[in-house]
Amino acid sequence: SDNIITILKPLIKYELLPFSRYFVLPNYDVLFSEQVVSFMKIIRDLAFRDRINYNTQSQFSKTFVKNVLNNLPYILDAYKTTQLVEVIPRDIPGIVVAAGPSLNKNINDLKLAKGHAFIIAVDTAVKPLLDAGIVPDMFALVDGEKPLMLVEREEAKQIPLIATLSAASEIFQYHTGMKFFYNEGFRYAERIFAEAKMPFGEICTGGSVATHIFSLFHKIGIQRIILVGQDLALTNNRTHADGTFQEKMEEIDTTGYMKVEGNYEKEVPIRLDFKTYLEWYNRYIRGCKENDKDFCVINATEGGARIQNTEVMTLKEAIERECRKEVDIQECFGKLKPMLNKEGRKWSVEYIRGIPG
């Protein structure tokens with residue numbers, strides 16, 4: 001199926017969808033029923049994914065260029081994700097803290113992991129974590145219109161940040177700590193990255209900020225990843241944990257929603273965007289495990305949708321089993337220097353000033 005996806009991906013494009021049709025030749029659905037159904041699902045998923053991408057681009061088009069140009073100067077004193085390979089131990093687990101409804105259930109257990117894991121939170125989870133007395137080692141930002149109020153806390157200003165260049169520039173301005181970037185394909189940024197003379201480093205984007213974090217862990221060589229608050233479903237008919245967008249998240253009527261297999265429930269309601277992220281996890285983790293038999297993903301969400309090829313356990317159990325080594329992540333960060341040296345920074349300043357020309 002992966003080979004078919006590679007062939008079909010360039011063909012199933014948003015602009016071509018109104019003119020695209022697929023036909024099942026007579027008796028093929030009888031002779032090759034499983035293959036035909038699989039093929040039709042691939043077509044459907046590719047078309048759906050391209051529509052999602054188009055809608056995302058349309059929604060953020062007004063702020064996209066503004067954010068990229070406003071955020072570009074931050075590269076001058078920034079760090080690159082490939083530098084993390086030099087300082088982050090690979091024998092500790094990486095913990096992805098998403099902001100799903102189940103985070104309220106086990107957020108306090110994360111205190112046991114502090115100093116024994118590399119904890120990266122999505123932007124929306126920052127406030128609930130700080131309210132619980134937990135400062136994540138890093139937080140991630142990819143959304144071009146993410147409201148500042150989600151991270152507007154004095155303690156959040158200095159938490160190291162990994163972000164896309166097109167992310168909300170208002171949060172960039174508010175944040176004063178270390179900023180990490182990776183290769184995204186933006187021409188102007190790529191020229192500055194080249195001046196830094198560092199290895200090419202990209203992240204596989206699965207559509208959400210949590211999938212960015214997951215891919216980062218994998219890319220820097222962490223083999224054991226723990227998922228927390230990664231519901232990918234409307235657990236208890238809510239979209240996010242309390243203390244994120246609202247102090248108490250409202251309950252939503254999920255009648256008519258799609259249902260998928262749950263970690264603890266037979267079925268849980270899911271939105272279309274959540275389903276896209278779920279399918280990305282299923283594909284990505286399968287590929288990781290095919291290439292590395294020791295790669296392990298623990299779903300310690302304690303709720304939400306079932307992700308294939310993951311071990312389901314409570315967060316306490318996961319921490320007890322995996323978080324055995326002491327590590328000071330901030331001390332690791334302290335060993336790093338900005339990716340641009342003095343000469344590289346001087347050249348990049350002139351380069352950015354020359355962009356209008």
Side-chain angles (χ1 to χ4, degrees), residues 1-2 5 38 41-42 45 48-49 52 93-107 109-110 113 117-122 124-125 140 142 203-219 222-236 238-241 254 257-319 321-322:
S1 63
D2 290 339
I5 290 174
S38 175
K41 284 182 177 178
I42 289 171
D45 291 346
F48 175 71
R49 233 175 288 157
I52 288 285
I95 300 182
V96 181
V97 185
S102 295
L103 182 62
N104 296 131
K105 186 183 297 184
N106 56 12
I107 189 169
D109 293 337
L110 277 168
F118 187 8
I119 303 173
I120 306 183
V122 304
T124 312
V142 300
I203 290 176
C204 295
T205 57
S208 76
V209 62
T211 57
H212 278 70
I213 299 171
F214 187 93
S215 179
L216 172 68
F217 281 145
H218 174 243
K219 296 284 186 179
I222 290 180
Q223 291 183 302
R224 309 188 80 74
I225 302 175
I226 301 172
L227 302 175
V228 184
Q230 187 61 98
D231 290 68
L232 299 172
L234 285 85
T235 306
N236 298 325
R238 289 173 173 82
T239 58
H240 292 81
T254 57
Y257 274 55
M258 292 185 295
K259 300 287 179 69
V260 295
E261 180 186 359
N263 285 317
Y264 295 92
E265 302 171 77
K266 184 178 179 182
E267 289 184 325
V268 288
I270 189 171
R271 289 190 330 203
L272 286 175
D273 53 345
F274 291 170
K275 191 170 187 296
T276 303
Y277 311 149
L278 175 61
E279 291 171 349
W280 180 90
Y281 269 118
N282 290 338
R283 289 192 307 273
Y284 196 94
I285 295 173
R286 184 180 70 243
C288 291
K289 293 183 78 69
E290 286 174 355
N291 292 310
D292 182 358
K293 301 303 179 186
D294 294 325
F295 188 75
C296 172
V297 182
I298 298 170
N299 195 340
T301 296
E302 300 187 39
R306 173 75 174 172
I307 301 174
Q308 296 171 9
N309 293 303
T310 62
E311 295 183 54
V312 177
M313 63 179 73
T314 67
L315 181 55
K316 276 186 179 178
E317 291 171 337
I319 292 171
R321 193 182 88 177
E322 301 295 336

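A quick note: this is a predicted structure, and the numbers were derived from the prediction, not measured. When reading the values below, keep in mind they use all heavy atoms of this one structure, side chains included, and skip hydrogens, waters and symmetry mates.
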Which value, rounded to the nearest 0.5 Å, describes the distance between Gln230 atom CD and Thr211 atom OG1? 8.0 Å
With the threshold set at 4.0 Å, does a side-chain nitrogen-carboxylate oxygen contact exist between Glu302 and Lys105? no
Side-chain heavy-atom pair Leu232, Tyr281 within 4.5 angstrom cut-off: yes
Any side-chain heavy-atom pair of Asn106 and Thr314 under 4.5 Å: no
Any chance you could measure Leu234, atom CG, to His240, atom NE2, to the nearest 0.5 Å? 9.5 Å
For the pair Tyr277 and Phe274, name the ring-plane relationship: parallel under 30°, tilted 30 to 60°, perpendicular over 60°. tilted
At their closest point, which heavy atom of Ile319 faces which heavy atom of Leu110, and how far apart are they? CD1-CA, 4.4 Å
What I'd like to find out is whether the side chain of Asn282 reaches to under 4.5 Å of the side chain of Ile307, using heavy atoms alone. yes
Do Asp294 and Gln223 pair up side chain to side chain, a donor and an acceptor below 3.5 Å, judged on atom types alone? no
Would you call Arg321 and Glu311 a salt bridge, using N to O less than 4.0 angstrom? yes
Locate the shortest heavy-atom distance separating Phe295 from Phe214; write the atom from each residue and the value. CZ-CZ, 4.0 Å
Looking only at heavy atoms, the pair that brings His212 and Ile203 closest together is O-CG2, 3.5 Å
For the atom pair CG (Asn291) and NZ (Lys289), what is the distance rounded to the nearest 0.5 Å? 12.0 Å
Considering non-hydrogen atoms only, spot the tightest contact between Leu278 and Arg306 and give its length. CD1-O, 3.4 Å
Would you give the length of the straight line joining atom CD1 of Ile95 to atom CD1 of Ile119, rounded to the nearest 0.5 angstrom? 4.5 Å
Kindly indicate, with the supporting measurements, whether the criterion side-chain contact (heavy atoms from CB on, under 4.5 Å) is fulfilled by Ile226 and Leu315. CA-CA 8 Å; Ile226 301 172; Leu315 181 55; 4.2 Å; yes
Can you check whether Arg238's main-chain N or O pairs, donor with acceptor, with Asn236's side chain at less than 3.5 Å? no
Name each donor-acceptor pair under 3.5 Å that joins a side chain in residues 260-270 to protein atoms two or more places apart or in another chain, with its distance.
unit_1: Asn263; atom_1: ND2; unit_2: Gly303; atom_2: O; d: 2.8
unit_1: Asn263; atom_1: ND2; unit_2: Ala305; atom_2: O; d: 3.1

Between Ala241 and Asn104, what is the shortest heavy-atom contact and its length? CA-OD1, 3.5 Å
Working to the nearest 0.5 Å, report the span between SG of Cys296 and CD1 of Ile285. 10.0 Å
Measure across Cys204 and Tyr284 and return the closest heavy-atom pair with its distance rounded to 0.1 Å. CB-CE1, 3.5 Å
